[in-house]
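Input: a single structure, listed below in structure tokens.
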Amino acid sequence: MVTLNMASSPKKSLCFLLALVLLSIVFQPTSCASAQAAPNNDFETDDMMWSQCNCPSSSSTTNKKQNHAKMAYLISVHNRRTIHDGAYLLKSLMETSHPGNTAVILIHVDHRVGIANPAEVAKNETLKNQFLYHESPLRRYVDACLANSCARSNNDSNDGAHKTNADNNVLLEVHSHFAPNWGQWSMNQPTIWGMEYLLYHPQFQRNTNKLRLGKTMSSENPSSLPPPWDVFVNLSGDTLPVISAQRISQLFNTIDGPLGNTNFVTSSSCATGLIPTSIFDFPKGTMKRSHYFQHGIPKRHSYVDTLSGEWKINVETPIYFGSQWMALTHDFVNYVIRSLSHPNGLGSVLKRTFVDTEVQMTDESFFATVLMNSPFNNTIPKLNKDDKSLLNYPSMQSLRYERMDENAPNAWDKWTSSNSLYDIPPKFKSVTDGEGPSKPWGPYFLGLYDLGDIKDSGALFIRKVSWSVDENLVRMLPVVRSESEEERMLLEWDVLPDIRWPKNGVKIKDPWVWSEENEEVE
């Protein structure tokens with residue numbers, strides 16, 4: 001990660017930072033060549049990195065009175081690579097946070113790889129590779145955070161050291177319940193499970209005597225008490241934050257944060273940017289518009305609004321496209337789960353419709369459709385008319401930067417990018433579980449050459465990022481700044497080096513394998 005320290009002038013420090021970055025690029029192996037030449041480098045196998053968990057700092061120079069949101073993260077991993085990449089994501093969130101910023105981190109491991117240990121696998125051949133998490137850096141790091149009380153789990157006692165840290169340490173848990181199939185409704189299951197857990201588990205109930213502060217407040221009205229978390233963010237394991245967890249918490253604070261009380265359900269690849277895209281926004285005859293009508297989805301539905309209790313009879317309910325990866329307010333998460341729990345709620349009606357008609361990619365449309373047809377449709381981002389940037393935070397063009405659908409013109413017959421793409425390195429399969437390249441439509445892997453576009457996007461998160469493709473990007477992010485007066489003049493994105501894809505493209509030559517070269521000479 002990049003840490004800013006501007007004891008002198010910001011300009012001098014910025015120049016020094018850029019010089020260090022450029023030197024690191026020149027003198028460190030990158031991308032494909034790195035994986036080919038040194039697959040067992042220290043960056044990949046550094047056990048010390050995963051056996052130590054640095055607690056969220058309590059000695060920050062941050063203004064203690066500065067408002068912040070209590071963040072709840074769900075990290076989903078599904079194979080060897082995302083489990084390994086997820087360790088970097090978890091470390092970034094844990095160690096760039098400050099007490100109270102991050103309330104919960106849930107990790108869901110795909111049931112096909114599971115959380116069994118090798119001994120259990122040996123007794124049951126049907127488990128196959130379900131010990132991948134058990135032998136991963138992610139498990140070692142989770143154990144390290146629990147061991148030194150940086151984090152706690154539901155199995156921890158409230159006595160002793162954990163009691164003194166109950167206000168500040170993160171609830172960190174690993175679960176394995178579902179095996180989602182790409183394109184099917186099951187892709188939504190881990191996200192819905194995470195939402196239900198955060199709402200219904202006893203420690204998150206606002207009407208219990210033992211609240212988030214460990215105090216008894218039975219005399220207070222439970223509904224008037226602040227929720228134990230404010231913002232729900234779900235992330236794929238191959239995601240990285242661009243800025244610190246502390247700054248993300250500040251931006252989302254519900255009192256005066258520029259992102260507070262806003263529901264984000266899109267990524268940079270969405271056709272209408274930060275706003276969910278209605279199927280009617282797409283030209284007639286395009287795949288995204290015709291796909292849903294081909295499956296016979298009705299344009300109108302009847303359902304109960306679980307917020308008001310009112311029946312909505314035969315109302316127009318357009319489908320909206322967004323993203324599987326979101327940042328949602330506590331109130332909207334509550335609305336989604338209540339509408340799924342009620343047999344006639346909007347969530348239940350849409351779920352039955354999607355499942356019965358066998359529509360694909362509901363993970364990209366279900367939550368956006370619920371949001372835009374609910375009383376919360378006024379909580380979507382407010383945009384500047386000129387450049388579609390966020391009105392309250394103009395530097396932000398998207399919540400998450402990713403590259404997708406660049407292999408063909410979009411629905412408006414426009415190419416979204418002509419930049420080169422990172423391909424998987426020759427030894428990619430050997431350090432994953434035989435994973436192949438990205439799907440033709442993406443999302444594509446990101447690397448150092450994408451920094452310029454990441455900088456322009458102002459995104460809080462980026463995906464897909466993997467140490468196995470370009471570890472340099474993993475080294476650089478997130479950007480962490482102190483709260484000195486000089487540094488508050490700059491945004492974290494401003495100090496990212498403006499590195500872009502060369503206009504003529506890039507071609508990487510495989511490194512020389514000298515033993516083979518000598519054999520040819522002889």
Side-chain angles (χ1 to χ4, degrees), residues 69-76 103-104 106 108 175 177-178 180 184-201 204-206 223 227-235 252 254 259-267 270 275-278 297 301-312 315 317-355 359 361-381 399-400:
K70 300 180 293 294
M71 308 297 294
Y73 293 98
L74 169 65
I75 300 173
S76 296
V104 190
L106 299 176
H108 183 270
H175 295 258
H177 303 295
F178 306 101
Q184 299 182 17
W185 173 261
S186 58
M187 290 289 288
N188 294 301
Q189 290 178 324
T191 303
I192 294 172
W193 163 81
M195 292 177 172
E196 290 176 336
Y197 191 93
L198 291 168
L199 291 173
Y200 295 150
H201 192 278
F204 299 120
Q205 294 288 316
R206 282 188 278 183
S223 63
W229 54 271
D230 300 309
V231 182
F232 169 79
V233 180
N234 65 328
L235 301 167
F252 272 106
T254 57
L259 312 185
N261 306 301
T262 305
N263 287 295
F264 294 87
V265 293
T266 69
S267 71
C270 289
I275 303 297
T277 309
S278 167
I297 286 193
H301 293 88
S302 297
Y303 57 89
V304 173
D305 177 7
T306 51
L307 191 64
S308 65
E310 178 186 358
W311 266 98
K312 304 287 185 179
V315 296
T317 316
I319 305 299
Y320 283 82
F321 287 92
S323 171
Q324 176 185 1
W325 314 108
M326 306 164 289
L328 307 176
T329 65
H330 185 280
D331 287 345
F332 179 62
V333 169
N334 188 42
Y335 179 85
V336 170
I337 298 306
R338 288 179 63 186
S339 73
L340 280 166
S341 302
H342 194 295
N344 295 310
L346 175 60
S348 292
V349 170
L350 287 173
K351 176 183 176 181
R352 285 196 299 270
T353 301
F354 286 162
V355 172
V359 168
M361 312 309 293
T362 59
D363 54 320
E364 296 181 355
S365 55
F366 173 72
F367 294 99
T369 301
V370 172
L371 175 63
M372 297 304 290
N373 290 282
S374 77
F376 291 87
N377 59 12
N378 62 345
T379 63
I380 61 175
L399 176 73
R400 191 186 68 262

(request) Please round to the nearest 0.5 Å and tell me the distance separating atom OG1 of Thr262 and atom CD1 of Ile380. (result) 10.0 Å
(request) Walk me through it: do Thr379 and Asn263 pass the test side-chain hydrogen bond (donor to acceptor under 3.5 Å, both in side chains)? (result) CA-CA 6 Å; Thr379 63; Asn263 287 295; 2.7 Å; yes
(request) Drop me the distance from Asp363's CG to Met361's CE, to the nearest 0.5 angstrom. (result) 5.0 Å
(message) Nearest 0.5 angstrom please: Glu364 CD to Met187 CE, how far?
(response) 8.0 Å
(request) Check whether any side-chain heavy atom of Ile192 sits under 4.5 Å from a side-chain heavy atom of Phe367, and report yes or no. (result) yes
(request) Decide side-chain contact (heavy atoms from CB on, under 4.5 Å) for Leu259 and Phe264; before the verdict, give the C-alpha distance in whole Å, the side-chain angles of both, and the deciding distance to 0.1 Å. (result) CA-CA 9 Å; Leu259 312 185; Phe264 294 87; 4.1 Å; yes
(request) Report yes if the side chains of Leu346 and Lys312 come closer than 4.5 Å at any heavy-atom pair, otherwise no. (result) no
(request) Please round to the nearest 0.5 Å and tell me the distance separating atom OG of Ser341 and atom CG of Asn334. (result) 9.0 Å
(message) Keeping Asn234 on the side-chain end and Gln324 on the backbone end, is there a donor-acceptor pair under 3.5 Å?
(response) yes
(request) Decide side-chain contact (heavy atoms from CB on, under 4.5 Å) for Leu199 and Trp229; before the verdict, give the C-alpha distance in whole Å, the side-chain angles of both, and the deciding distance to 0.1 Å. (result) CA-CA 10 Å; Leu199 291 173; Trp229 54 271; 4.0 Å; yes
(request) Return the minimal non-hydrogen interatomic distance between Ser302 and Val349, and the atom names on each side. (result) O-CG2, 3.8 Å
(message) Checking Tyr303 now: which residues fulfil side chain to side chain donor-acceptor pair (under 3.5 Å) with it, not counting sequence neighbours?
(response) none
(request) Indicate yes or no for a side-chain donor-acceptor contact from Ser348 to the backbone of Leu340 under 3.5 Å, with no hydrogens or angles considered. (result) yes
(message) Once salt bridge (charged side-chain N to carboxylate O under 4.0 Å, His left out) is applied, do any residues pair with Glu196, and if so which ones, sequence neighbours excluded?
(response) none
(message) Is any side-chain heavy atom of Asp331 closer than 4.5 Å to one of Tyr335?
(response) no
(request) Assess whether side-chain contact (heavy atoms from CB on, under 4.5 Å) is satisfied between Val265 and Tyr320, documenting all intermediate values. (result) CA-CA 10 Å; Val265 293; Tyr320 283 82; over 6 Å; no
(request) Compare every heavy atom of Gly322 with every heavy atom of Ala368, then report the nearest pair and how far apart it is. (result) CB-N, 4.0 Å
(request) Heavy atoms only: give me the nearest Phe332-Ser374 pair and the separation to one decimal. (result) CE1-OG, 4.0 Å
(message) To the closest 0.5 Å, what do you measure between CZ (Arg400) and CE (Met326)?
(response) 10.0 Å
(request) Please work out which of the three classes, parallel, tilted or perpendicular, describes the rings of Phe354 and Trp185, given edges at 30° and 60°. (result) tilted
(request) Decide yes or no for Leu328 and Met195: does some side-chain heavy atom of the first lie under 4.5 Å from some side-chain heavy atom of the second? (result) yes
(request) Mark yes or no for whether Asp230, through its side chain, and His330, through its backbone, hold a donor-acceptor pair below 3.5 Å. (result) no
(message) Minimum heavy-atom separation for Leu74 and Gly194, please, with both atom names.
(response) CD2-CA, 4.4 Å
(message) Between Thr306 (side chain only) and Val304 (backbone N and O only), is there a donor and an acceptor less than 3.5 Å apart?
(response) no
(message) Any non-hydrogen side-chain atom of Leu106 less than 4.5 Å from a side-chain atom of Leu198?
(response) yes
(request) Take Thr266 and Leu399 through the test side-chain contact (heavy atoms from CB on, under 4.5 Å) and record every step on the way to the result. (result) CA-CA 7 Å; Thr266 69; Leu399 176 73; 5.9 Å; no
(message) For Asp305, give me all partners under salt bridge (charged side-chain N to carboxylate O under 4.0 Å, His left out), at least two apart in sequence or on another chain.
(response) none
(message) I need the minimum non-hydrogen distance between Asn373 and Thr369, along with the two atoms involved.
(response) ND2-O, 2.8 Å
(message) Would you compute the distance between atom CZ of Phe252 and atom CG of Asn261 and round it to the nearest 0.5 angstrom?
(response) 10.5 Å
(message) Can you tell me how the ring of Tyr197 sits relative to the ring of Trp193, calling it parallel under 30°, perpendicular over 60° and tilted otherwise?
(response) tilted
(message) For Gly347, is there any backbone N or O sitting under 3.5 Å from a side-chain donor or acceptor partner on Ser339?
(response) yes
(message) Do Ser278 and Met372 have side chains that approach each other closer than 4.5 Å (heavy atoms only, starting at C-beta)?
(response) no
